[in-house]
Amino acid sequence: MSKRTLIKNCIPEVGKEVIINGWVQTVRSHGKIAFLDVMDRSAIIQVVCTGEQLGDIRPQFVVSIIGIVANRPEKLINPNISTGGIELQANKINILSKAEELPFDMGSKDLNLQLPTLLDYRALTLKHPKVKMIFKIQSALVKEFRKAAEELECEEVFVSAIASGATEGGAEVFSIDYFGHRAFLTQSPQIYKQIMVGALERVFTIAKAYRAEPSVTTRHLTEATQMDIEMAFVTLEELLDSLEFVGVYMVKNVSEKYENILKEFNVEKPLISSTVPRLTLREAQAIITKRTGRNLSGELDLNPEDEKEICAWGKEEHQSDFVTITHFPTKKRAFYTMPDSNNPEYSLSYDLLFRGIEILSGSQRINEYEQLIESMKNKGVNPEKFNIYTMAFKYGMPPEGGFSFGLERLTMKLLDLQNIREASLFPRDMDRIDERLHPVHK
Ligand code: ATP
Ligand code: MG
């Protein structure tokens, strides 16, 4: 017998000898007898050993333990964990790797650390069970996104994050020295996914987006992950149906599969109504004015306070955590956005809001070459810098559109995290690339 048994599979092995591998979480020494909680990717188990076997083992030591699985005495059963009815009586403990004394307690249910400390020690704090749950949810969201995109018959594509022109315009772009040439990190996979619908008709991509956001907020990173879909031969209505389908699919499936994690984070099950309420920006503003008395005439977008208010309306009036907003002013949206032919001041654009915050943007696109060049010029974007993009429109681009979900935003709202940095493994912001860029001077 030399094969490892996953901890969750120890439950039916009572009376038998097994080998488990994992990380020591906590150590309770009572002199002659000691208890270790050992965790692997599947579960956690209590191990009973002698003081001698324990030696200098500390939390985060990596161990391989040979032992006998036993039922716990009735009064020591822990109903809160799946392996609470059993324990492992250690025969031999092999230390695979040592760990230094921890800088803080990792054994408590919640890691009560300030955000900067949580991030300063990221390689360590990512091992905490509750932190790991955030990224289990994130991984699940991505899996469900892929499944939904496949339902829509999209092909997955992989595009570059290096471009010779800024994609979304604006100043919020990182420039890089590319062998003496000026290049940019892409603010979205936008132009490449659009080129690809000219070839494959329906595509999706999961890509990094780089934004040199000079402000510090709880909802912006300088490097975010976007989940994008782009489809040809679709109307605005079909685009809205598709994005709502994908949004609901991800949130519903993840919250059903990981009900236990949502409970750990004390968040309610998402409210999903049979149809997502849809409002034009103007309608949304009228509702907000009616509810709050705030005058929004002349406002070209929803600010964070407005997003919260309209989501409160969606919850109260439609039992929905999602609200779709359409028809943003053309001048507020990027050059590729199709103006509404009925009223070109407004555009065939949309945002999806979830629990008080924007989690998605998109639009029907301008697919006609001359109109696109015109729109670029109007927005101060030099078409010469985008030859590879405009070429796609010269040679047969069908009517098309798409949308982009922010993965970290969605993760944050699903678990009701207070700061988007908690929903990024290695968050980048103005002050940090893994380490602080401006160390505190004592
Ligand atoms: P916001 O108005 O909230 O700053 P945006 O409109 O600039 O976002 P889009 O270009 O529409 O963002 O990007 C699509 C999605 O990607 C957004 O709805 C959001 O979920 C996510 N996203 C955009 N920028 C960031 C960022 N800096 N950090 C984290 N997520 C982002
Ligand atoms: Mg947006």
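Residues passing the side-chain contact (heavy atoms from CB on, under 4.5 Å) test with Arg58 are Phe61, Glu101, sequence neighbours excluded. Under the ring pair (Phe, Tyr, Trp, His ring centres under 6.0 Å) criterion, Phe322 pairs with Phe354, sequence neighbours left out. Applying the side chain to side chain donor-acceptor pair (under 3.5 Å) criterion to Arg278, with sequence neighbours excluded, gives Glu237, Asp241, Glu244. Among residues two or more places apart in sequence or in another chain, the side-chain contact (heavy atoms from CB on, under 4.5 Å) test is passed with Pro59 by Val27, Leu102. Residues forming a side-chain contact (heavy atoms from CB on, under 4.5 Å) with Lys147 (at least two apart in sequence, or on another chain): Glu144, Tyr249, Lys257.
Proximity of Met227 to Arg146: side-chain heavy atoms (C-beta onward) are nowhere separated by under 4.5 Å.
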Determine, stepwise, if the pair Lys8 / Asp40 fulfils salt bridge (charged side-chain N to carboxylate O under 4.0 Å, His left out).
CA-CA 9 Å; Lys8 72 169 183 196; Asp40 68 9; over 6 Å; no
Full working for side chain to side chain contact (heavy atoms under 4.5 Å, CB included) between Val246 and Phe405:
CA-CA 10 Å; Val246 178; Phe405 284 92; 3.7 Å; yes
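Pairs of residues two or more places apart, or lying in two chains, never qualify as side-chain hydrogen bond (donor to acceptor under 3.5 Å, both in side chains) while including a residue from residues 372-386. Among residues at least two apart or in separate chains, ring pair (Phe, Tyr, Trp, His ring centres under 6.0 Å) pairs with a member in residues 194-239 are Phe145-Phe204. Here ring pair (Phe, Tyr, Trp, His ring centres under 6.0 Å) pairs that include residues 291-313, with residues two or more places apart or in two chains, are Trp313-His318. Applying the ring pair (Phe, Tyr, Trp, His ring centres under 6.0 Å) rule to pairs touching residues 100-125 yields Phe104-Tyr121, sequence neighbours excluded. Residues in residues 256-296 take part in no ring pair (Phe, Tyr, Trp, His ring centres under 6.0 Å) pair, two or more places apart or across chains. Listed by first and then second residue, the salt bridge (Lys or Arg N to Asp or Glu O under 4.0 Å) pairs involving residues 344-357 are Asp321-Arg355, Arg333-Asp351 (not counting sequence neighbours).
Counted within 6.0 Å of CD on Glu268, heavy atoms from surrounding residues, nucleotides or ligands total 12 or fewer; the atom is thus considered open. Counting non-hydrogen atoms of other residues, nucleotides and ligands closer than 6.0 Å to OH of Tyr178 gives a total of 12 or fewer.
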Compile the donor-acceptor pairs under 3.5 Å between side chains in residues 296-303 and protein atoms, sequence neighbours left out, one pair per line.
from   : atom 1 : to     : atom 2 : distance (Å)
Ser297 : OG     : Asn295 : OD1    : 2.9
Asn303 : OD1    : Glu305 : N      : 3.0
Asn303 : OD1    : Asp306 : N      : 2.8

